[in-house]
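Report on one structure; see the data block that follows.
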Amino acid sequence: DAGITQSPRHKVTETGTPVTLRCHQTENHRYMYWYRQDPGHGLRLIHYSYGVKDTDKGEVSDGYSVSRSKTEDFLLTLESATSSQTSVYFCAISELGGRGNEQFFGPGTRLTVL
Amino acid sequence: AQKVTQAQTEISVVEKEDVTLDCVYETRDTTYYLFWYKQPPSGELVFLIRRNSFDEQNEISGRYSWNFQKSTSSFNFTITASQVVDSAVYFCALSDSGSSNTGKLIFGQGTTLQVKP
């Protein structure tokens with residue numbers, strides 16, 4: 001199994017509070033991704049990173065920011081959490097190229113915003 | 001724009017029945033990858049298969065088989081002799097593989113498969 005961990009695994013917070021989710025990898029993969037999973041929508045890309053300090057927006061980036069100061073860590077921040085951000089968040093990593101864009105996913109973080 | 005459609009929201013079968021999960025995709029890219037992932041009740045995402053757009057050969061892995069048809073933009077997944085352990089949510093996904101490849105995955109909505117004993 002690819003070495004990907006997410007923390008915390010579960011979090012309950014209140015509307016308006018800042019929240020940071022962490023993704024940590026031990027595979028030294030260049031690409032990292034944050035997705036959210038909601039019923040009826042599958043998984044949707046929030047932000048992704050193609051290297052240290054190199055990030056770009058995904059399909060549902062409003063209300064989220066990311067940072068990647070080290071290869072192994074990719075942080076997702078909700079500056080001011082809203083109830084619409086209640087979701088399960090998955091981090092993924094990929095090396096592209098030889099493995100044909102295969103992505104390995106972390107265990108997920110269940111976030112509830114009250 | 002890229003899009004993946006899994007029209008079957010939920011499927012329920014009895015153990016040992018065969019079941020096919022449909023996936024239709026849209027893309028303007030000439031090169032791309034298609035994927036299937038399984039999400040069991042425990043919640044993790046398990047990679048099942050990757051198919052390159054250049055390779056239209058069908059693939060079989062044990063009780064699992066995949067039918068890729070570019071002419072109909074479909075990448076269907078069949079489970080033969082289903083088992084209770086196959087109960088899960090199954091996702092079809094698409095990514096580009098051209099010069100601007102970023103590996104971003106576009107997922108379908110998912111199909112929930114329930115296999116009853």
Side-chain angles (χ1 to χ4, degrees), chain A residues 1-6 9-10 23 25 27 29-51 54-61 66 68 74 87-111, chain B residues 1-10 21-25 27 29 31-55 59 68 75 88-112:
Chain A
D1 289 346
I4 312 170
T5 57
Q6 293 183 229
R9 294 292 313 280
H10 302 271
C23 177
Q25 63 150 326
E27 305 296 321
H29 282 3
R30 178 183 173 192
Y31 286 80
M32 299 185 74
Y33 310 83
W34 277 107
Y35 294 89
R36 59 177 288 174
Q37 181 180 7
D38 304 290
H41 292 278
L43 282 80
R44 293 177 292 175
L45 181 67
I46 305 172
H47 282 280
Y48 69 101
S49 170
Y50 47 97
D54 293 322
T55 65
D56 204 351
K57 296 179 180 179
E59 177 187 358
V60 290
S61 60
V66 290
R68 191 171 179 197
F74 192 32
S87 187
V88 179
Y89 292 84
F90 285 96
C91 174
I93 64 174
S94 179
E95 198 49 54
L96 302 188
R99 292 195 68 102
N101 288 14
E102 181 178 342
Q103 290 191 14
F104 301 94
F105 285 83
T109 293
R110 184 173 295 276
L111 175 67
Chain B
Q2 296 179 317
K3 184 179 180 181
V4 176
T5 301
Q6 295 178 254
Q8 303 151 308
T9 304
E10 294 183 13
L21 309 182
D22 297 333
C23 173
V24 175
Y25 63 93
T27 182
D29 295 326
T31 59
Y32 50 90
Y33 290 107
L34 294 164
F35 300 82
W36 277 95
Y37 283 87
K38 174 182 180 179
Q39 186 176 45
S42 53
E44 73 271 24
L45 284 157
V46 179
F47 167 82
L48 295 178
I49 190 172
R50 173 191 64 249
R51 175 62 69 213
N52 189 310
S53 55
F54 289 114
D55 183 2
E59 182 157 341
F68 175 33
F75 186 43
V89 182
Y90 291 87
F91 291 100
C92 181
L94 166 73
S95 79
D96 66 41
S97 64
S99 58
S100 61
N101 186 13
T102 61
K104 295 183 290 185
L105 290 177
I106 305 297
F107 283 85
Q109 303 92 322
T111 297
T112 299

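Protein chains get the first letters and strands the later ones, always in sequence-line order, with residue 1 at the start of each.
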For the atom pair CD (B:Gln109) and CZ (A:Arg44), what is the distance rounded to the nearest 0.5 Å?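 Rounded to the nearest 0.5 Å, the CD-CZ separation comes to 11.0 Å.
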
What distance do A:Glu102 atom CD and B:Phe35 atom CZ have between them, rounded to the nearest 0.5 Å?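 The distance works out to 7.0 Å.
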
With only heavy atoms counted, which part of A:Gln37 is less than 4.5 Å from chain B, the side chain, the backbone, both or neither?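 Just its side chain gets close to chain B.
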
Sub-4.5 Å side-chain heavy-atom contact between B:Leu45 and A:Leu43: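 Of all side-chain heavy-atom pairs linking A:Leu43 with B:Leu45, at least one is under 4.5 Å.
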
Shorter than 4.5 Å, heavy atoms on both sides: which option in A:Glu59, A:Arg110, A:His41, A:Gln103 has the most such pairs with chain B?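 Highest number of pairs under 4.5 Å: A:Gln103.
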
Closer than 3.5 angstrom, by distance alone: can the side chain of A:Tyr48 be matched with the main-chain N or O of B:Gly103 as a donor-acceptor pair?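 Absent.
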
Check against side-chain contact (heavy atoms from CB on, under 4.5 Å), A:Phe105 and B:Leu105: CA-CA 12 Å; A:Phe105 285 83; B:Leu105 290 177; 4.2 Å; yes

Considering all heavy atoms of both residues, which atom of B:Gln39 and which atom of A:Phe90 are nearest to each other, and what is their separation?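 Looks like NE2-CZ, 3.5 Å.
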
Going by side-chain contact (heavy atoms from CB on, under 4.5 Å), name the residues that satisfy it together with A:Arg30, two or more places apart in sequence or in a different chain.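 Residues passing side-chain contact (heavy atoms from CB on, under 4.5 Å) with A:Arg30: A:Tyr50, A:Glu95.
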
